[in-house]
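Below is one structure, written out as structure tokens; comments come after it.
For this chain, numbers begin at 1 and follow the sequence in order.
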Amino acid sequence: MAKQQQAIQAIRGMHDILPEQSPYWHWLENHARQVLAAYGYQEIRLPIVEKTELFKRSIGEVTDIVEKEMYTFDDRNGDSLTLRPEGTAGCLRACLEHGLLHNQSHRLWYYGPMFRHERPQKGRYRQFYQLGVETYGMPGPDVDAEMILLTDRLWKKIGIRDKVELQLNSLGTSEERAAYRATLVSYFQQHLAILDEDSLRRLETNPLRILDSKNPAMQEMLQQAPVLLDHLGEDSLAHFRQLTQSLDALGISYRLNTRLVRGLDYYGKTVFEWVTDELGSQGTICAGGRYDGLIEQLGGKANHAIGFAMGMERILALVEQLGSVTPEPTTDVYMIRVGETAEQLGMIWAEQLRNDIEGLKLQVNCGGGSFKSQFKKADKSGAAYAIIIGDDEAQRGEVALKSLRIEQEQITVNYDALLATLSNWQQQKSHSSNQ
């Protein structure tokens with residue numbers, strides 16, 4: 001007897017999104033698209049695989065992402081390629097390659113999977129989904145404020161605004177950061193005994209990231225560390241001051257976090273994060289900032305850029321934890337067919353209904369089965385109505401229409417009456433969802 005082969009499972013940290021989970025994703029994605037459209041942003045679709053050099057030049061070779069976390073491989077031509085660990089570099093590469101930054105401004109967004117080989121834990125995956133938003137060619141703090149307004153509107157739309165906090169900081173210019181870096185290294189060298197292993201390594205490569213450490217043993221020392229805002233020039237301070245004044249005028253609450261530095265080398269001036277305390281250690285659901293210098297770093301002419309990315313799994317985890325969302329069912333109407341004549345007429349009527357009622361989600365029972373078993377499937381589908389058709393009804397050109405969610409008398413109708421009833425229901429449902 002042949003030995004049964006072991007079933008193949010998904011790669012650790014790369015998860016399936018099952019049918020019962022998909023409606024929540026669609027719900028969040030649709031809300032995000034509506035908000036982005038309201039601010040005039042356009043979608044750009046980008047490759048999942050890029051040349052490794054793109055990320056080394058943008059993220060920085062001495063970062064955890066490049067050194068430890070990227071999925072990098074050589075293709076058949078010997079070129080080093082990488083599954084994208086983040087979207088900003090690829091978006092900017094596309095804009096430079098297609099000449100979109102020459103005397104132009106753009107508001108863009110993209111969506112899809114990113115890949116990092118890190119230890120999987122709750123809210124953190126090796127394949128994870130991000131929605132990224134980038135703008136180019138706009139130097140002022142007004143677009144910084146717009147980025148924050150956009151996210152604030154989305155949080156309100158999906159019902160989590162009171163569970164997230166906006167944290168703000170400014171990293172100034174590269175020259176200001178370089179001067180501050182020297183001051184910070186000098187301070188940390190006076191406290192080497194307190195620094196953990198990661199911080200000692202970062203002391204030589206990226207000392208600003210030490211400020212972001214969550215190690216409890218280091219917190220008192222970090223609280224006393226020099227503050228970057230104290231080392232910024234007047235232009236950087238003016239930019240940040242105008243941003244905070246705009247947010248105050250717009251009624252957007254925030255907290256100044258002088259230890260907020262972001263994990264990527266290319267950020268400067270405004271940086272921000274939306275943080276929640278509902279998800280344990282994985283509290284950041286959205287983060288971004290200005291990265292004007294990255295454009296020249298990738299071979300373009302000096303220009304201005306700001307963007308952010310939001311982690312879809314973390315946002316959905318927060319929504320699920322709050323338990324306040326019930327996505328719209330994937331089926332509006334379920335058709336039960338019992339008998340050969342009923343099966344044929346049912347399929348014809350189902351196609352006519354889909355033609356006549358725009359957006360109607362009608363599922364027809366296929367594969368036979370008793371009336372009882374089909375009715376169970378109709379109820380499980382989440383449909384509002386069941387259309388019931390047997391051979392007797394089919395011969396009379398009629399069906400039974402039964403409400404599955406509210407108390408209503410079952411009625412027997414011909415096609416015109418069925419169309420009128422379902423059309424009216426569909427219009428009412430659309431009106432309710434748009435309010």
Side-chain angles (χ1 to χ4, degrees), residues 35 123-124 130-133 140-173 176-177 180 184 187 206-216 218-233 236-264 267-291 306-311 314-315 317-319 321-322:
V35 170
R124 186 181 290 270
Q130 280 188 347
L131 187 146
V133 178
D142 51 357
V143 75
D144 302 19
E146 180 180 276
M147 286 263 161
I148 291 168
L149 267 177
L150 190 157
T151 48
D152 180 80
R153 180 175 293 271
L154 179 59
W155 309 148
K156 289 173 181 173
K157 202 170 181 65
I158 64 175
I160 64 170
R161 180 60 182 92
D162 62 339
K163 298 297 182 182
V164 294
E165 177 190 62
L166 172 62
Q167 297 184 4
L168 276 182
N169 195 18
S170 176
L171 301 183
T173 65
E176 290 162 350
R177 285 195 305 280
Y180 171 67
L184 193 63
Y187 174 79
N206 195 350
L208 271 68
R209 289 286 284 128
I210 300 175
L211 296 171
D212 203 29
S213 172
K214 304 298 187 290
N215 186 339
M218 294 170 51
Q219 295 310 301
E220 185 176 348
M221 180 271 293
L222 292 176
Q223 291 288 352
Q224 304 301 318
V227 175
L228 177 53
L229 278 176
D230 295 337
H231 293 73
L232 299 187
S236 295
L237 287 173
H239 185 104
F240 193 59
R241 187 163 52 246
Q242 290 174 50
L243 170 61
T244 57
Q245 288 171 352
S246 293
L247 296 179
D248 291 338
L250 290 160
I252 306 294
S253 60
Y254 59 88
R255 179 169 71 86
L256 182 63
N257 180 358
T258 58
R259 290 161 59 185
L260 176 59
V261 295
R262 304 292 296 118
L264 304 176
Y267 285 106
K269 287 192 177 177
T270 304
V271 289
F272 65 91
E273 290 188 0
W274 287 95
V275 180
T276 180
D277 58 9
E278 302 283 336
L279 298 175
S281 62
Q282 304 305 320
T284 301
I285 64 168
C286 175
R290 280 210 162 261
Y291 55 94
I306 182 172
F308 67 80
M310 59 180 67
R314 293 187 192 178
I315 296 172
L318 179 56
V319 168
Q321 191 161 307
L322 297 177

R153 atom CZ: more than 12 heavy-atom contacts under 6.0 Å: no

Say whether Q219 and R259, considering side chains only, have a donor N or O and an acceptor N or O under 3.5 Å apart. yes

Do the non-hydrogen side-chain atoms of E176 and S236 ever get within less than 4.5 Å of each other? yes

Measuring only between side-chain heavy atoms, which start at C-beta, is L318 closer than 4.5 Å to W155? no

For R241, does its backbone N or O pair with a side-chain atom of T244 as donor and acceptor, under 3.5 Å? yes

Say whether, by atom type as modelled, one donor and one acceptor occur between the side chain of Q321 and the main chain of L279 under 3.5 angstrom. no

Counting distance only, does the side-chain N/O of S213 pair as donor-acceptor with the main-chain N or O of I210 below 3.5 Å? no

Nearest-0.5 Å distance, OG1 of residue T151 to CD of residue E146: 10.5 Å

Sort out for me which residue in T258, N257, L247, I252 forms a side-chain contact (heavy atoms from CB on, under 4.5 Å) with L168. L247

Say whether, by atom type as modelled, one donor and one acceptor occur between the side chain of Y180 and the main chain of P226 under 3.5 angstrom. yes

Nearest 0.5 Å, what's the CG-CD distance between D212 and E273? 6.5 Å

CG of L154 to CE of M310, rounded to nearest 0.5 Å, is 5.0 Å

Check for a donor-acceptor pair, side chain of N169 on one end and backbone N or O of L260 on the other, with a separation under 3.5 Å. yes

What is the distance from atom CG of N215 to atom CE of M221, rounded to the nearest 0.5 Å? 8.5 Å

Regarding R161 and S253, is there a side-chain donor-to-acceptor distance under 3.5 Å anywhere? yes

Side chains of L184 and R177, heavy atoms from C-beta outward: is any pair under 4.5 Å? no

Distance col, row E278:CD vs L322:CG, nearest 0.5 angstrom, shows 6.0 Å

Go through the steps to decide whether R314 and T284 satisfy the test side-chain contact (heavy atoms from CB on, under 4.5 Å), and finish with yes or no. CA-CA 8 Å; R314 293 187 192 178; T284 301; 4.2 Å; yes

